[in-house]
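So the structure is just underneath, and the comments pick up after that.
Any value given below was found using the heavy atoms of this structure, including those in side chains, with hydrogens, waters and symmetry copies removed. The sequence lines fix the lettering, A, B, ..., with proteins before strands; numbering per chain opens at 1.
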Amino acid sequence: MKVKNVLIALTAVAFGAGASLALAQAKPEVLVKQRQAAMTLQGKYFGPLAAMAQGKAPFNAAVVARNAGFLEALSHMPWDGFDASTKDAKSEALPLVFSDTAKFKQASENLQAAVVKLVAASKGGDEAATKAAIGGVGKTCGGCHDDFRHKS
Amino acid sequence: MTVTTMTATGRKPLATPSAVLPCALRATLLALLLAAAGAAAAQGNAKQGEYLAEAGGCVGCHTDSKEGAVPFAGGRALKTPFGTFYGPNITPDPQAGIGRWSEADFVRAMRNGVRPDGANLFPAFPYPSFTKISDKDLSDLWAYLRTLPPSGRVSREHDLGLFFRWRPLLTVWKWMFFKPGEFVPDAKATAEVNRGAYLTQALGHCGECHTPRNFLGAPIQSRYLAGGKGPEGKTVPNLTPAHLKKLSDGELQDFLTLGVTADGDVPAEAMGEVIRNTTSKLLPADLKALIAYLRALAPIAGD
């Protein structure tokens, strides 16, 4: 009897765990919305830096350092949103995201590496080096969009 | 320029009649040619040529994408449906580059898509656009290329499908699709719109990506700049007012100088590179003219 109860309890725990996992897994449309939100925020904090790098806006080291810090966190956020379950959801992601996951992962790591460089440069006080690092980040954004996104 | 001197400057002299000329005669010919080239180089304005090279985006295709690569020394891989092309070394190195070319050779390559040895050039080199560059600008471009430090970097062979690798076949392609000749201004358009048309069609070769192509890789002229599949098989946006009216002149100008939209969206690198190498380097009046020309295009629906 006892054994049976334990088994039932364990099974319940197992199902419970499963249920809570299923709950934690957001719906595909929500995952898409979240990853797009992360991208939008990257744009929000990257855009002003690109203007500074091109001399279109005055260079402001404090803003660069702050935005670089935000980008460091953001550059880790979009990727779990590209879950296989979202393959058929409406979005700007190209099918290659799901068929060449290694290349996609590499592109996300390129961004993270470029952002780490930007964070370091923004603390170094060298304006030219910081502007170059901003350009480096832009190339990794665009490099991934080249292969993996169809802008509509 | 005579046929003999053309072949004497070719890259494969062994395959040409000049190979049978006595050595001394060949040396004299070569010396004459080099002197002629030197004299011609003095005519163009190298400083202006540098600006034109930016307006033409030469550095992108003629420089390896590796960090620290020597500009214009070649190596950039260009993927197309027909295979991968590698932009060659166009520095003045006599062996690895185009150091032995004359200005006339250069003009013939840009205007007619022909190499000094008479072989056809592949239209992956956008001479179907560059053919429209004016004589004066070609002369300045040439003067600039002569000032580059020579690089011994050996150009890589293109990696093409068996059928496509055959240069003589291009004669047919050119006969069907290639119209050589300098840009002709539109008498009905303003000077500004004509300047923009020249920058877009001749130097900027925007149509190489923004005009859809047929299955033989030739642009469909009735849909000039109307977007569609790009050379790498990806979709490229429509630049006619049908689509571009969504952006104000100011927004377009910012996009083409900064490489980001107002909300920080970054374009695909194919365009990012054009912005970095070309449109962000244009003089303000030239960028304005380019935009005025895009605005004056007949709207073509679809993307």
Side-chain angles (χ1 to χ4, degrees), chain A residues 36-57 59 63-64 67-68 70-71 74-75 78 92-97 103 107-108 110-111 113-115 117-118 131-152, chain B residues 54 60 63-69 76-79 209-210 227-239 243-244 246-247 250-284 287 302-303:
Chain A
Q36 288 176 342
M39 286 290 170
T40 305
L41 284 173
Q42 290 195 114
K44 175 177 178 195
Y45 294 110
F46 178 70
L49 306 193
M52 287 183 210
Q54 285 285 339
K56 179 94 181 175
F59 187 78
V63 171
V64 179
N67 287 17
F70 289 167
L71 285 171
L74 284 167
S75 65
E92 292 183 346
L94 287 170
L96 195 66
V97 169
K103 193 172 175 196
S108 69
N110 292 346
L111 168 68
V115 169
K117 276 193 196 158
L118 173 61
K131 285 180 171 174
I134 293 170
V137 170
K139 272 195 207 178
T140 61
C141 307
C144 183
H145 291 171
D146 230 2
D147 292 322
F148 295 107
R149 173 190 182 200
H150 166 68
K151 199 180 162 185
S152 49
Chain B
E54 285 170 346
T63 309
D64 203 334
S65 39
K66 280 201 295 283
E67 224 167 292
R76 172 65 179 272
L78 305 160
K79 293 204 184 73
C209 293
H210 285 279
K229 285 256 186 287
E232 296 187 7
K234 287 172 217 141
T235 312
V236 180
N238 184 343
L239 296 186
H243 169 75
L244 223 51
K246 67 171 183 152
L247 296 172
E251 283 171 330
L252 251 182
Q253 205 171 321
D254 280 354
F255 175 73
L256 292 173
T257 32
L258 302 180
V260 288
T261 65
D263 40 20
D265 199 343
V266 181
E269 249 303 276
M271 187 61 209
E273 189 179 353
V274 172
I275 295 173
R276 257 197 321 279
N277 291 341
T278 298
T279 57
S280 71
K281 305 276 177 73
L282 289 177
L283 295 168
L287 184 56
D303 63 359

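Dense packing is recorded around NZ of Lys281(B), with more than 12 heavy atoms of other residues, nucleotides or ligands lying under 6.0 Å away.
The shortest non-hydrogen separation linking Glu269(B) to Gly143(A) is CG-N, 3.4 Å.
Proximity to chain A at a heavy-atom threshold of 4.5 Å picks out Thr257(B), Leu258(B), Val260(B), Thr261(B), Asp263(B), Gly264(B), Asp265(B), Val266(B) from residues 256-266 of chain B, in numerical order.
Here salt bridge (charged side-chain N to carboxylate O under 4.0 Å, His left out) pairs that include residues 42-57 of chain A, with residues two or more places apart or in two chains, are Lys56(A)-Asp254(B). Legend: side-chain hydrogen bond (donor to acceptor under 3.5 Å, both in side chains) pairs involving residues 131-140 of chain A, not counting sequence neighbours, sorted by first then second residue: Glu127(A)-Lys131(A).
Listed by chain and residue number, nothing satisfies the side-chain hydrogen bond (donor to acceptor under 3.5 Å, both in side chains) test with Glu54(B) (two or more places apart in sequence, or in another chain).
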